[in-house]
Amino acid sequence: DGDGCFYQNKNSTCMHITCASEETLIWVSKRLSEHDIHTRVSKETDKKFRLNCTDSASMQKLVSCLYYKENIFCLQRKLEKVKYILASLDRNIEEN
């Protein structure tokens, strides 16, 4: 069981999954690294661990894996938010 979040502030953009099992997140992180998706696992409390992704290329790849086809079952509001944030990252890269 896990809960995901995708957010952007003035200084950074982050995608993370929170879970009570560190082992599970380490396993997920290893599988993602096989697809060149860079993440790290951190401990927040004894029963709260996070898989973090802050690399924009990795976020793009991960989102492509999660939303791999049109009309996939998902929270539409979250998908729209993710698309908006990733588009803003693309604009920032182009401007710099």
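Applying the salt bridge (charged side-chain N to carboxylate O under 4.0 Å, His left out) test to every pair with at least one member in residues 71-84, sequence neighbours left out, gives no pairs at all. Within the structure, the salt bridge (charged side-chain N to carboxylate O under 4.0 Å, His left out) test picks out no pair touching residues 5-25 (sequence neighbours left out). Applying the ring pair (Phe, Tyr, Trp, His ring centres under 6.0 Å) definition to pairs two or more places apart or across chains, those involving residues 13-53 are Tyr7-His16. Screening residues 49-59 for salt bridge (charged side-chain N to carboxylate O under 4.0 Å, His left out), with sequence neighbours left out, gives Glu44-Arg50.
For the atom pair CG (Leu25) and SG (Cys19), the distance works out to 4.5 Å, reported to the nearest 0.5 Å. Separation of atoms OG1 (Thr13) and CE (Met15) is listed at 11.0 Å; rounding is to 0.5 Å. Leu32 contributes atom CG, which lies 5.0 Å from atom CD1 of Ile37 (distance to the nearest 0.5 angstrom).
In terms of the side chain to side chain donor-acceptor pair (under 3.5 Å) criterion, Thr54 has no residue partners (sequence neighbours excluded). With sequence neighbours excluded, the residues forming a side chain to side chain donor-acceptor pair (under 3.5 Å) with Ser42 are Asn52, listed by chain and number. Every residue two or more places apart in sequence or in another chain that forms a salt bridge (charged side-chain N to carboxylate O under 4.0 Å, His left out) with Arg31 is listed here: Glu34.
More than 12 heavy atoms of other shown residues, nucleotides or ligands fall within 6.0 angstrom of atom CG in Asn9.
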Contacts table for residues 61-71: side-chain donor-acceptor under 3.5 angstrom, sequence neighbours left out:
{"from": "Lys61", "atom 1": "NZ", "to": "Asp36", "atom 2": "O", "distance (Å)": "3.4"}
{"from": "Lys61", "atom 1": "NZ", "to": "Asp36", "atom 2": "OD2", "distance (Å)": "3.0"}
{"from": "Ser64", "atom 1": "OG", "to": "Gln60", "atom 2": "O", "distance (Å)": "3.0"}

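Residues Gln8 and Ser88 are in side-chain contact: their nearest non-hydrogen atoms beyond the backbone lie under 4.5 Å apart.
The hydrophobic clustering, which links ILVMFWY residues whose side-chain heavy atoms are closer than 4.5 Å, places Leu79 and Leu75 apart.
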